[in-house]
Colleague: 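Mind having a look at this structure? Questions to follow.
None of the values given here were measured: they were computed from a predicted structure. Residues: numbered from 1 along the sequence shown.
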Amino acid sequence: MNLFKYYGQYENHLTNILMNILSMHNAELTRPFLNLLIGETTKNFNHEKNQIKLFSPINPNPNVEFEYILGIAPHKRKLPNNELAENLDSIPDAWIFGGNFTILVEVKVRGTLDDSQLVAHQAKFSKPAKVIESSWQKVFESLNKLDLSTKPIEAFLIQQFLSEYKDMNMNAERRRSSGMPREIIGGVSKEHEVYFIISGSKQTDFYTVDLHLPSGSVKRLNDSLSGIQESRRWIASYLKYNHKDINISFDGDKTIINDRCVKPGRSKDAWNQWRLGSYL
């Protein structure tokens, strides 16, 4: 782990900074931070040798007494769906673990948690893990309440973190109140319609976007994007100005876009539907 490592995908960059701060001095801050963030859930945790691990597809502390999935997003899901197929080869953003507990952390900086991704994360555990939903507002409040009187370095870094990112949740609230649609609204295969292929992974560190037409033809549009979210924002901008050249039903910000996420080495692709306005 390295506080100064840069990640092109915004939510990965944010996660890296936060988790590196919490991991300082043998992860001493994880206990009070979790106590403030998720409360009574932590009362029986054994905090001996607390650790944090980033972006690992493998559970670093399996088969323990307490196993949770902690989702951090601007908004909570309205109707969680726990019966979705496992259609993603999921890579958690972080793991926080100790003597008898393991917490898989999934971070979103826009919209809500993704049901399909949460279902896929369950495969990382030997038994069903309880999902705890939290918000960035709660994260910021918890960081503010930490007693850092004897930790001047952590205090400085946390204040810098808060001053840089505290407006993120306010921006999300403005986005929600403006009537903009949620980001991902479906996960159905649309092979016979116009769709975009997003290919790449955190390991390759770059993503490509192809346009697939119903005729079967495929056209490469971009090969130097840094993440899925950036790819979708690029697609939204591309469609806004080029929709007349594509046989697609265009309805402004409400236009539904299909994408097919391809990760090298993954046997099953992930289909998604989202509205153009969610990424503009």
Side-chain angles (χ1 to χ4, degrees), residues 3 7 9-24 27-45 47 50-55 66-82 90 92-98 101-115 117-118 121-122 129-149 151 154-178 180 182-184 229:
L3 176 64
Y7 289 88
Q9 192 168 341
Y10 182 57
E11 60 191 32
N12 293 346
H13 189 62
L14 194 69
T15 302
N16 181 65
I17 295 172
L18 176 60
M19 294 300 161
N20 267 281
I21 294 173
L22 293 176
S23 69
M24 293 177 67
E28 288 180 355
L29 288 180
T30 55
R31 180 172 188 170
F33 175 73
L34 290 174
N35 288 345
L36 290 165
L37 186 66
I38 57 178
E40 286 295 306
T41 301
T42 68
K43 63 181 179 182
N44 293 316
F45 282 7
H47 289 279
N50 282 2
Q51 296 182 58
I52 295 176
K53 191 167 187 177
L54 287 170
F55 311 124
F66 301 106
E67 298 179 325
Y68 295 92
I69 295 173
L70 171 62
I72 301 171
H75 311 295
K76 285 190 175 182
R77 297 169 295 161
K78 287 187 176 181
L79 294 172
N81 184 351
N82 296 318
S90 65
D93 292 305
W95 299 86
I96 302 175
F97 54 98
F101 73 93
T102 298
I103 300 174
L104 182 158
V105 183
E106 179 60 36
V107 171
K108 297 294 180 189
V109 295
R110 295 181 180 85
T112 65
L113 298 171
D114 182 86
D115 290 313
Q117 199 168 33
L118 294 178
H121 284 333
Q122 291 285 356
K130 182 179 178 181
V131 176
I132 302 173
E133 292 193 53
S134 191
S135 66
W136 280 107
Q137 181 179 355
K138 182 66 174 176
V139 169
F140 297 147
E141 290 174 354
S142 299
L143 291 172
N144 263 320
K145 291 178 181 178
L146 288 171
D147 180 2
L148 302 172
S149 57
K151 296 179 171 59
E154 288 92 328
F156 173 78
L157 291 173
I158 286 175
Q159 286 307 310
Q160 292 291 305
F161 180 84
L162 292 173
S163 66
E164 180 67 24
Y165 298 111
K166 65 181 179 180
D167 290 335
M168 179 183 65
N169 202 58
M170 295 171 60
N171 291 335
E173 287 297 329
R174 286 197 292 270
R175 185 180 183 87
R176 183 179 186 182
S177 63
S178 69
M180 295 291 280
R182 299 293 186 186
E183 289 185 350
I184 303 300
Q229 295 293 79

Colleague: Would you call the rings of F66 and Y68 parallel, tilted or perpendicular if under 30° counts as parallel and over 60° as perpendicular?
Modeller: parallel
Colleague: Looking at CG of N35 and NZ of K43, how far apart are the two atoms once the value is rounded to the nearest 0.5 Å?
Modeller: 12.5 Å
Colleague: Go through the structure and list residues passing side-chain hydrogen bond (donor to acceptor under 3.5 Å, both in side chains) with S23, not counting sequence neighbours.
Modeller: none
Colleague: Who are the side-chain contact (heavy atoms from CB on, under 4.5 Å) partners of A27, not counting sequence neighbours?
Modeller: T30, N50
Colleague: Roughly how far apart are L29 CG and I21 CD1, rounded to 0.5 Å?
Modeller: 9.0 Å
Colleague: Can you sort out the partners of K138 under side-chain contact (heavy atoms from CB on, under 4.5 Å), two or more places apart, ordered by chain and number?
Modeller: L37, S134, S135, E141, S142
Colleague: Is the shortest side-chain heavy-atom distance between K151 and M24 below 4.5 Å?
Modeller: no
Colleague: So, E106 side chain and P92 main chain: donor-acceptor pair closer than 3.5 Å or not?
Modeller: no
Colleague: How far does CG of L104 sit from CD1 of I69, to the nearest 0.5 angstrom?
Modeller: 5.5 Å
Colleague: Is any side-chain heavy atom of F33 less than 4.5 Å from a side-chain heavy atom of I158?
Modeller: no
Colleague: Return the CG to CD1 distance between L34 and I103, rounded to the nearest 0.5 Å.
Modeller: 4.5 Å
Colleague: Q160: what forms a side-chain contact (heavy atoms from CB on, under 4.5 Å) with it, not counting sequence neighbours?
Modeller: F156
Colleague: For the residue pair N16 and L54, what are the closest heavy atoms and their distance?
Modeller: OD1-CD1, 3.2 Å
Colleague: Considering only heavy atoms from C-beta outward, does the side chain of V105 approach that of T15 to under 4.5 Å?
Modeller: no
Colleague: Going by side chain to side chain contact (heavy atoms under 4.5 Å, CB included), Q159 matches just one of L143, N144, L148. Which one?
Modeller: N144
Colleague: Could I get the full list of ring pair (Phe, Tyr, Trp, His ring centres under 6.0 Å) partners for F101, not counting sequence neighbours?
Modeller: F45, H47
Colleague: Could you go through the side-chain contact (heavy atoms from CB on, under 4.5 Å) check for V107 and L18 one step at a time?
Modeller: CA-CA 11 Å; V107 171; L18 176 60; over 6 Å; no
Colleague: To the closest 0.5 Å, what do you measure between NE2 (H13) and OH (Y165)?
Modeller: 4.0 Å
Colleague: If you round to the nearest 0.5 Å, how far is CD1 of I17 from CG of L22?
Modeller: 12.0 Å
Colleague: With sequence neighbours left out, write down each residue that passes side-chain contact (heavy atoms from CB on, under 4.5 Å) with Q51, or none if nothing qualifies.
Modeller: F97
